[in-house]
Protein chains: 2
Amino acid sequence: MNPSDENSGERITDAEHAVMEVLWDRPRQTAAEVCEEVCGKRGWSLATVKTLLSRLVQKGAIAAEPDGRRFLYTPLIARDAYVGGESRRLVERLFGGRAASLVAHLAETEALSEADLDAIEALLKELRP
Amino acid sequence: MNPSDENSGERITDAEHAVMEVLWDRPRQTAAEVCEEVCGKRGWSLATVKTLLSRLVQKGAIAAEPDGRRFLYTPLIARDAYVGGESRRLVERLFGGRAASLVAHLAETEALSEADLDAIEALLKELRP
DNA sequence: GCGCAAGGTTTACATCTGTAATCGATATGA
DNA sequence: TCATATCGATTACAGATGTAAACCTTGCGC
């Protein structure tokens, strides 16, 4: 099991996810720094960010490294692992586990732009020359 | 706006979704019938199903057609609309709205089987001959 | 006619989530 | 040294969710 697989049990909520994104973008930030990133966008107060950080620590999703009298927070789960988990969960729930069905659905509902199709085509060529 | 677009505001929860699946599979079922389908799988009691059906009616997700002294429940939102909404939400949240990124991610993490790739390839051929 | 079964409706209640305010310790500038 | 600004920790609290039990009405079998 590689170190990015610490998805484990605890579920990350929507609000918490916003905080995770900030930390994935730049690890080892203080609560205040994280707040600077998201408080504006989401209309949160510093207190809210602190709560979310605490909960994430409890859930084992991030680590709090002591730095003087405050903490530097860093993700413990990789973004890829999280994204993969969420994606798999969706495919499982809505497409009976068949990822191709998801792609088909996206295509049929025109959720895929021409550029998307280009990208996917390129991907395919790469995967199976 | 076609009749499948009644996603509207009210969010369908996970438990409710299980009920929706039963009704999408076969519309016009009674609470008892729905229970027969899901109570076993999810370890629910009939009471729980009744609650979920009520909440779905309130949310405008299903209709309750009187049939003697009971109701026959039928989805008001199409499965496609729901699935599309959920998919879009995920792509938005995790892939910055770029659906191709999701596909790429699935491919990179080997969430796509050979069969999936075949299917996608076929899809592409169909979409852009 | 009467009690029971079957239906829906109302109420319940523990968790989880979102969003803070408050508290207590502490470093810090005046 | 003392008030104050900072931090994290603790507590709060409303709304959403999962999961039912209790309740009320009514058709049905006896």
Side-chain angles (χ1 to χ4, degrees), chain A residues 7-23 28-74 76 82 85-86 89 93, chain B residues 7-23 28-74 82 85-86 89-90 93:
Chain A
N7 68 18
S8 51
E10 305 295 4
R11 183 123 212 73
I12 289 174
T13 75
D14 223 62
E16 287 162 2
H17 169 236
V19 169
M20 289 302 288
E21 288 292 348
V22 176
L23 294 177
R28 306 192 66 217
Q29 292 190 68
T30 65
E33 285 168 335
V34 171
C35 182
E36 240 166 273
E37 280 301 307
V38 287
C39 284
K41 284 177 214 166
R42 320 253 316 195
W44 287 345
S45 76
L46 174 58
T48 299
V49 171
K50 286 179 181 176
T51 300
L52 294 173
L53 285 169
S54 298
R55 288 181 183 168
L56 284 168
V57 168
Q58 283 182 335
K59 293 184 180 181
I62 65 177
E65 160 196 354
D67 173 54
R69 59 198 230 72
R70 73 253 177 95
F71 288 123
L72 297 181
Y73 299 95
T74 301
L76 282 180
Y82 174 73
E86 291 298 298
R89 188 181 327 285
R93 230 169 48 96
Chain B
N7 67 18
S8 50
E10 304 296 3
R11 182 124 214 73
I12 289 174
T13 75
D14 223 62
E16 288 162 0
H17 170 237
V19 168
M20 289 302 288
E21 288 292 348
V22 176
L23 294 177
R28 307 192 65 215
Q29 292 190 70
T30 66
E33 285 168 335
V34 171
C35 182
E36 240 167 89
E37 279 301 307
V38 288
C39 285
K41 285 176 213 167
R42 321 253 315 195
W44 286 345
S45 77
L46 174 58
T48 298
V49 171
K50 286 180 183 176
T51 300
L52 295 174
L53 285 169
S54 299
R55 289 182 182 168
L56 284 169
V57 168
Q58 283 183 335
K59 293 184 180 181
I62 65 178
E65 160 196 355
D67 173 53
R69 58 199 232 69
R70 72 250 177 95
F71 287 125
L72 297 180
Y73 298 95
T74 300
Y82 174 73
E86 292 298 298
R89 189 182 324 288
L90 180 95
R93 232 170 45 96

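All chains are named by letter (A, B, ...) in the order of the sequence lines, taking the proteins before the strands, and each is independently numbered beginning at 1.
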(message) Rounded to the nearest 0.5 Å, what separates atom CZ in B:R89 from atom CZ in B:R93?
(response)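 Output value for this atom pair is 9.5 Å.
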(request) Would you give the length of the straight line joining atom CE of B:M20 to atom CG of B:L23, rounded to the nearest 0.5 angstrom? (result)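 Going from the CE atom of B:M20 to the CG atom of B:L23 covers 6.5 Å.
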(request) Shoot me the first and last contacting nucleotide of DNA chain D against chain B, ordered 5' to 3', at under 4.0 angstrom to non-hydrogen atoms. (result)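 Range of nucleotides within reach of chain B: D:dT17 to D:dG27.
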Sequence neighbours excluded, which residues qualify as salt bridge (Lys or Arg N to Asp or Glu O under 4.0 Å) partners of [X]?
{"X": "A:R69", "answer": "none"}
{"X": "A:E65", "answer": "A:R28"}
{"X": "B:E37", "answer": "none"}

(message) Between A:I12 and A:E86, is there a side-chain heavy-atom distance shorter than 4.5 Å?
(response)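 A:E86 vs A:I12: side chains apart.
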(message) Do B:E16 and B:I62 have side chains that approach each other closer than 4.5 Å (heavy atoms only, starting at C-beta)?
(response)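 Not touching, per the 4.5 Å side-chain cut-off.
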Check side chain to side chain contact (heavy atoms under 4.5 Å, CB included) between [X] and all other residues, then give those that pass, not counting sequence neighbours.
{"X": "B:E21", "answer": "B:H17, B:W24, B:R79"}
{"X": "A:A64", "answer": "A:V57, A:F71, A:Y73"}
{"X": "B:T30", "answer": "B:A32, B:E33, B:R70, B:L72"}

(request) To the nearest 10°, let me know how far the axis at one end of the helix from C:dG1-D:dC30 to C:dA30-D:dT1 is tilted from the axis at the other, five pairs an end. (result)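 Taking the rotation axis at each end, their angle is 30°.
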(message) At a heavy-atom distance below 4.0 Å, what parts of residues 63-74 of chain B sit against DNA chain C?
(response)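 Only B:R69, B:R70, B:F71, B:Y73 qualify.
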Show which side-chain atoms of residues 41-49 of chain A pair as donor or acceptor with protein atoms under 3.5 Å away, not counting sequence neighbours.
| from | atom 1 | to | atom 2 | distance (Å) |
| --- | --- | --- | --- | --- |
| A:S45 | OG | A:A47 | N | 3.3 |
| A:S45 | OG | A:T48 | N | 3.4 |

Report all interatomic pairs (protein N or O, nucleotide N or O of nucleotides 17-23 of chain C) with separations under 3.5 Å.
| from | atom 1 | to | atom 2 | distance (Å) |
| --- | --- | --- | --- | --- |
| C:dG18 | OP1 | A:A15 | N | 3.2 |
| C:dG18 | OP2 | A:T13 | OG1 | 2.5 |
| C:dG18 | N7 | A:R55 | NH1 | 2.9 |
| C:dG18 | O6 | A:R55 | NH2 | 3.3 |
| C:dT19 | OP2 | A:W44 | NE1 | 2.8 |
| C:dT19 | O4 | A:R55 | NH2 | 3.0 |
| C:dA20 | OP2 | A:G43 | O | 3.4 |
| C:dA20 | OP2 | A:S45 | N | 3.3 |
| C:dA20 | OP2 | A:T48 | OG1 | 3.3 |
| C:dA20 | O5' | A:S45 | OG | 3.2 |
| C:dA20 | O5' | A:T48 | OG1 | 3.4 |
| C:dA20 | N7 | A:T51 | OG1 | 3.1 |
| C:dA20 | N6 | A:T51 | OG1 | 2.7 |

(request) Over all heavy atoms of both residues, which pair between B:V19 and B:L56 is shortest? Give the atoms and the distance, please. (result)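 For B:V19 and B:L56, the tightest heavy-atom pair comes out as CG1-CD1, 3.7 Å.
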